[in-house]
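Below: one structure, written as structure tokens.
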Amino acid sequence: MKKYIVIYGSILFVLFSCKENVLEQVSKQEIEFFPIEVNHEEIKIGDNIVAIVDVSLFDGIADSTIHNSTVIVRNGIIDRVGLETVVEIPEEAVVVNGQGLTLMPGLIDAHFHYDHVKHFPTKFVRNGVTSVRDPGQWIEAFDFERQTGDPLPRLFLTGPHIDSPPPSWPKDSYMVRDEAEVKEAMDYLIRQNVSAIKIYHRLPLGLIKEVCDIAHANGLPVTAHLEITDARQAILAGLDGVEHVTSLGTALVSKKRAEEFRQEMLANNKARLSGRLEMWRDIDVNGKKADSLINFLEVHQTFFTPTLGPYEYRIEGDKKDSTALIAFQRMCEFIGRCVKADIRIAVGSHGPWVPYADRGWSYQHEMDLLAKSGMANIDIMKAATMVNAEFLKIDHRLGSIEKGKEADLILIKGDPESNIRDMFNIERVMLNGVWLD
């Protein structure tokens with residue numbers, strides 16, 4: 001009798017069969033994967049009934065806000081959603097008047113970094129980011145925050161990113177050199193119940209495919225910071241998401257220019273810091289290569305998290321680097337083209353590593369940069385909620401305000417559909433049906 005193992009979410013199923021073809025049949029089926037945040041048992045669940053009335057509702061799905069809405073939350077779960085003239089308010093409900101406010105799902109950060117900046121996750125959740133994915137940090141790094149007792153967002157973690165030596169970030173990397181080491185790394189990460197796999201830029205194409213094959217066999221999505229691998233080849237190898245607009249640079253220049261950059265980076269990791277800006281300075285964002293790449297991303301429906309914030313540059317004071325300024329302008333212009341196509345844009349803050357964002361507000365800052373690049377406010381709001389939930393594979397329980405979903409909600413003073421900067425006006429945050437102080 002043979003034994004077969006299938007991982008379904010965080011549950012391990014062991015199948016026994018005498019038939020030789022069972023494993024083949026199982027491997028051909030798409031494994032559904034439902035990530036669980038590492039701190040799910042530490043998040044309090046609401047134990048009362050809350051009625052939010054007379055509020056402008058953005059539910060994460062509709063193309064506009066719905067005025068004069070009412071939302072009922074019962075024991076941490078969204079119970080009823082509708083116009084205030086239709087929804088009956090239970091007598092025992094705690095009523096919250098939402099006049100002048102917009103209610104929307106809690107924000108989901110597809111690219112958060114902690115980097116041991118103490119209490120930073122708590123600042124984020126108080127500013128409306130109720131779920132984060134950290135793509136490149138050992139799970140143990142969050143132990144301090146989890147032991148404080150302070151409110152934290154839902155922590156969806158990938159563990160350390162998978163890279164090849166020499167690493168750019170040694171403390172955040174799991175080094176692999178061949179297929180055997182990839183299998184060892186993947187076995188470890190899967191046993192850690194990670195929510196996704198993150199690939200870093202030195203991993204060669206053949207090992208990218210090996211990572212994707214193992215991850216997908218276990219239902220795990222794979223995303224990557226590429227830089228020196230052509231994004232199209234990595235996507236064809238199985239990649240589900242691309243992190244950072246700079247990951248697309250080598251697909252937008254000549255093969256000769258891309259190879260020169262690749263060799264410089266392989267010789268010295270730090271060469272990418274100036275090299276990618278020089279490359280983006282010269283990219284024709286309206287040229288045929290850009291047309292081809294945008295069409296490719298659209299056809300393959302790859303999730304793309306631009307993270308414009310860390311590359312933003314302004315000429316002021318002693319800062320007079322015209323290359324950095326032009327490169328950032330080109331990046332924004334390229335994103336402007338992407339948002340006009342049917343590309344799945346996700347929103348990622350990059351955590352504390354954003355030069356022009358106030359501490360704890362880098363997510364809203366990224367939303368503002370997307371708006372300045374030409375993305376419609378309502379589409380940014382969708383990307384920050386339901387699209388990101390789909391990317392993280394948590395859309396069955398989060399990302400929209402619908403009956404039966406978990407009540408992660410934020411109240412905003414103003415109307416972000418009209419002015420995206422109203423996203424900075426966070427009035428109240430509800431996590432799992434509990435209002436945060």
Side-chain angles (χ1 to χ4, degrees), residues 9-11 33-50 52 60 71-79 94 96 103-114 116-135 137-159 192-196 347-349 351 360 363 384-386 388-412 426-437:
S10 59
I11 304 173
F33 176 68
F34 302 110
I36 298 294
E37 58 273 29
V38 298
N39 59 334
H40 70 281
E41 294 182 355
E42 301 153 24
I43 298 174
K44 294 179 181 178
I45 303 175
D47 59 359
N48 63 346
I49 301 174
V50 178
I52 305 169
V71 173
I72 308 294
V73 175
R74 184 185 300 269
N75 298 329
I77 301 296
I78 298 167
D79 185 55
V94 177
V96 175
L103 180 70
M104 65 181 288
L107 303 173
I108 299 170
D109 192 345
H111 193 110
F112 175 84
H113 283 298
Y114 170 44
H116 303 281
V117 180
K118 291 183 177 180
H119 309 296
F120 191 74
T122 296
K123 179 70 172 173
F124 245 52
V125 73
R126 292 193 186 282
N127 289 344
V129 183
T130 53
S131 294
V132 302
R133 178 161 72 189
D134 189 316
Q137 189 92 61
W138 293 86
I139 291 174
E140 296 89 337
F142 285 86
D143 286 352
F144 169 81
E145 300 294 340
R146 295 172 65 185
Q147 292 166 7
T148 63
D150 294 335
L152 297 175
R154 300 177 190 269
L155 300 174
F156 296 93
L157 309 180
T158 70
Q192 291 292 303
N193 290 324
V194 297
S195 63
V347 185
S349 70
Y363 192 90
T385 53
M386 195 57 178
N388 275 6
E390 291 169 353
F391 190 13
L392 270 64
K393 292 195 171 185
I394 54 175
D395 53 298
H396 60 291
R397 62 189 184 100
L398 296 165
S400 61
I401 300 178
E402 299 177 86
K403 180 180 175 62
K405 287 199 171 184
E406 295 168 31
D408 288 3
L409 309 171
I410 56 176
L411 279 168
I412 302 156
I426 303 296
E427 288 286 305
R428 300 191 75 177
V429 177
M430 175 180 282
L431 181 66
N432 220 24
V434 178
W435 292 112
L436 303 185
D437 294 334

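In this text the structure is predicted, and so the values were computed from the model without any measurement.
Between the side chain of D134 and the backbone N or O of Y114, at least one donor-acceptor pair lies under 3.5 Å. Put simply, the side chain of R146 gets close to the backbone of V38: a donor and an acceptor are under 3.5 Å apart. The backbone N or O of P153 sits less than 3.5 Å from a side-chain atom of N39, completing a donor-acceptor pair.
The distance from the CG atom of L398 to the CD atom of E37 is 7.0 Å, given to the nearest 0.5 Å. In this structure, S349 OG and L107 CG are separated by 10.5 Å, a value rounded to the nearest 0.5 Å. Once rounded to the nearest 0.5 Å, the distance linking CD1 of I52 with CD1 of I72 reads 8.5 Å. Between D408 atom CG and S131 atom OG the span is 5.5 Å, to the nearest 0.5 Å. The CZ atom of F34 sits 9.0 Å away from atom CG of D395, with the distance rounded to the nearest 0.5 Å.
Between I78 and V71 the shortest side-chain heavy-atom distance falls below 4.5 Å. Between R133 and T158 there is a side-chain heavy-atom pair separated by less than 4.5 Å. Contact of the H119 side chain with the F144 side chain is registered, since non-hydrogen atoms from C-beta on lie closer than 4.5 Å. A 4.5 Å side-chain heavy-atom check between I108 and V129 finds every atom pair outside the cut-off.
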request  = Let me see the working for K403 and D79 under side-chain contact (heavy atoms from CB on, under 4.5 Å), right down to the final yes or no.
outcome  = CA-CA 5 Å; K403 180 180 175 62; D79 185 55; 3.5 Å; yes
task = Report the C-alpha distance between V96 and V50 in whole Å, list the side-chain angles of each, state the deciding distance to 0.1 Å, and finish with yes or no for side-chain contact (heavy atoms from CB on, under 4.5 Å).
result = CA-CA 7 Å; V96 175; V50 178; 4.2 Å; yes
key: Candidate pair V194 and I139, rule side-chain contact (heavy atoms from CB on, under 4.5 Å), full reasoning   = CA-CA 9 Å; V194 297; I139 291 174; 4.1 Å; yes
inquiry  = I410 vs R428, test: side-chain contact (heavy atoms from CB on, under 4.5 Å). Steps then yes/no.
reply    = CA-CA 6 Å; I410 56 176; R428 300 191 75 177; over 6 Å; no
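Nearest heavy-atom pair, P35 versus K393, reported as atom, atom and distance to 0.1 Å: CD-O, 3.1 Å. The heavy-atom pair separating L152 from P121 by the smallest distance is CD2-CB, 3.8 Å. Minimum interatomic distance between K118 and E145 (heavy atoms only, all atoms of both residues): CA-OE2, 3.3 Å. Contact detail for I401 and M104: the closest heavy-atom pair is CD1-C, 3.6 Å. Residue A389 comes nearest to G399 through the heavy atom pair CB-CA, 3.8 Å, listed as atom of the first residue, atom of the second, then distance. Between D150 and T122, the closest heavy-atom pair is CB-OG1, 3.5 Å.
Take E402 and apply the side-chain hydrogen bond (donor to acceptor under 3.5 Å, both in side chains) test, not counting sequence neighbours, and it matches S400, K405. Annotation: side-chain hydrogen bond (donor to acceptor under 3.5 Å, both in side chains) contacts of T385 (sequence neighbours excluded): none.
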Which atom pairs, one a donor and one an acceptor, fall under 3.5 Å between side chains of residues 430-437 and the rest of the protein, sequence neighbours left out?
{"residue": "N432", "atom": "OD1", "partner": "R154", "partner atom": "NH2", "Å": "3.0"}
{"residue": "N432", "atom": "ND2", "partner": "K44", "partner atom": "O", "Å": "3.2"}

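Taking the six-membered ring for Trp and the full ring otherwise, the centers of F156 and H40 sit at least 6.0 Å from each other.
The aromatic rings of F120 and F124 lie tilted to each other, with the angle between the two planes from 30° to 60°.
Under a cut-off of 6.0 angstrom, the local environment of CD in E140 is crowded, with over 12 non-hydrogen atoms contributed by other residues, nucleotides or ligands.
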